[in-house]
Asks: 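I am attaching a structure below and will ask some questions about it afterwards.
Sequence lines set the chain letters: A, B, ... in the order given, protein chains first and strands last, and positions in each chain run from 1.
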Amino acid sequence: MSWTDERVEQLKAMWTEGQSASQIAKSLGGVTRNAVIGKVHRLGLSNRAAAKPAAPAPEPKAAKPVIAPEPVAEPAPEPQPRVEPVAAPKPIPSPTARREPPPPTPAMVEDAQRTAQALAAMEKKAKRLNLLELTERTCKWPIGDPATDNFFFCGLACQPGKPYCEAHVAVAFQPMSSRRDRDRNRNRSAGGFR
DNA sequence: CCCTGATTCGC
DNA sequence: GCGAATCAGG
């Protein structure tokens with residue numbers, strides 16, 4: 001494979017998007033991550049921050065004996081994306097409805113909201129890998145609608161032995177013990193099978 | 001061990 | 001120009 005205009009174009013796009021060299025290599029196909037990195041350097045876009053025309057201040061090396069405090073720019077607080085507070089249980093008297101579903105306890109609602117928020121926040125950090133880019137150690141948590149072109153997988157580093165990253169493992173493998181209303185089922189004991 | 005980018009240097 | 005090998009680091 002050679003660096004056709006198209007391939008170079010994709011390389012530039014993905015690199016400026018923040019994709020890793022190995023991811024780009026996989027996506028392009030026929031090249032290794034080394035090849036990608038080499039090309040990146042030859043193209044002179046090794047510094048991803050170069051996306052901004054703003055000169056990074058040439059730093060007048062002439063005379064600067066004093067190390068100024070240099071107030072670093074704050075990343076900004078960024079308020080968490082508030083998830084719509086779940087509305088109160090709708091008492092919709094559906095004609096076909098037979099029995100009222102188990103009323104969610106306030107604790108359950110809060111819990112759901114928390115995980116929902118956490119999940120929403122994570123979708124931003126996701127590496128957005130497609131199916132072919134997944135490996136045995138990339139988080140396979142799906143994000144988006146599979147029927148859409150806007151579908152991808154989390155792709156962050158897997159938790160050892162797990163199919164998901166740490167955060168997604170947390171929501172995927174919630175211990176049964178957290179369900180504190182288990183002793184309620186004591187009633188129909190034995191039952192089992194026959 | 002998995003991964004990342006950076007650099008070198010023979011081709 | 002290219003990229004494998006290597007280096008340095010997380």
Asks: OP1 or OP2 of dC2(C) less than 4.0 angstrom from a side-chain nitrogen or oxygen of Lys39(A), does that happen here?
Replies: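 Yes, such a contact exists.
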Asks: In terms of the nearest nucleotide of DNA chain C, which residue is placed more toward the 5' end: Arg33(A) or Gly30(A)?
Replies: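 So the residue in question is Gly30(A).
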Asks: Between Glu133(A) and Asn130(A), is there a donor-acceptor pair closer than 3.5 Å when you use the side chain of the first and the backbone of the second?
Replies: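 It does hold such a pair.
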Asks: In whole angstroms, how far is the C1' atom of dA8(C) from the CG atom of Asn34(A)?
Replies: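 Those two atoms, CG and C1', are 14 Å apart.
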Asks: Would Val169(A) end up clustered with Ile143(A) when hydrophobic side chains under 4.5 Å apart are linked, directly or stepwise?
Replies: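 Same cluster: Val169(A) reaches Ile143(A) through Ile, Leu, Val, Met, Phe, Trp or Tyr contacts under 4.5 Å.
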Asks: Can you say whether the rings of Tyr164(A) and Phe173(A) are parallel (under 30°), tilted (30 to 60°) or perpendicular (over 60°)?
Replies: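 The rings of Tyr164(A) and Phe173(A) sit tilted, inter-plane angle from 30° to 60°.
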Asks: Looking at residues at least two apart in the chain, or sitting in another chain, which of them share a side chain to side chain contact (heavy atoms under 4.5 Å, CB included) with Ala21(A)?
Replies: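 Applying side chain to side chain contact (heavy atoms under 4.5 Å, CB included) to Ala21(A) gives Trp15(A), Arg33(A), Val36(A), Ile37(A).
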Asks: Which two nucleotides bound the region of DNA chain B that has atoms under 4.0 Å from heavy atoms of chain A, read 5' to 3'?
Replies: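 With heavy atoms of chain A under 4.0 Å away, the range is dC2(B) to dT7(B).
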Asks: Val31(A), Leu45(A): one ILVMFWY side-chain cluster at the under-4.5 Å cut-off?
Replies: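 As far as the 4.5 Å side-chain criterion goes, Leu45(A) and Val31(A) are connected within one cluster.
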Asks: Roughly how many Å is it from CZ in Arg7(A) to C1' in dG1(C), rounded to a whole number?
Replies: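 After rounding, the gap between these two atoms is 15 Å.
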Asks: Look at the side chain of Arg42(A) and the base of dG3(C), then say whether one donor and one acceptor between them are separated by less than 3.5 Å.
Replies: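 Looking at the base of dG3(C), it does pair with a donor or acceptor on the side chain of Arg42(A) (distance under 3.5 Å).
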Asks: Examine dC2(C): is either OP1 or OP2 under 4.0 Å from a nitrogen or oxygen in the side chain of Ser2(A)? Give yes or no.
Replies: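 The answer is no; no side-chain N or O of Ser2(A) sits under 4.0 Å from OP1 or OP2.
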Asks: List the residues meeting side chain to side chain contact (heavy atoms under 4.5 Å, CB included) with Gln19(A), not counting sequence neighbours, and say none if there are none.
Replies: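 Here the qualifying residues are Met14(A), Glu17(A), Gln23(A), Ile24(A).
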Asks: Within the structure shown, what part of the strands sits under 4.0 Å from Ser22(A) by heavy-atom distance: base, sugar-phosphate, or nothing?
Replies: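 Since only primed, P, OP1 and OP2 atoms lie under 4.0 Å of Ser22(A), the category is sugar-phosphate.
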Asks: Closest nucleotide of DNA chain B for Ile37(A) versus for Arg137(A): which of these residues is on the 5' side?
Replies: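 By nearest-heavy-atom nucleotide position, the 5'-most residue is Arg137(A).
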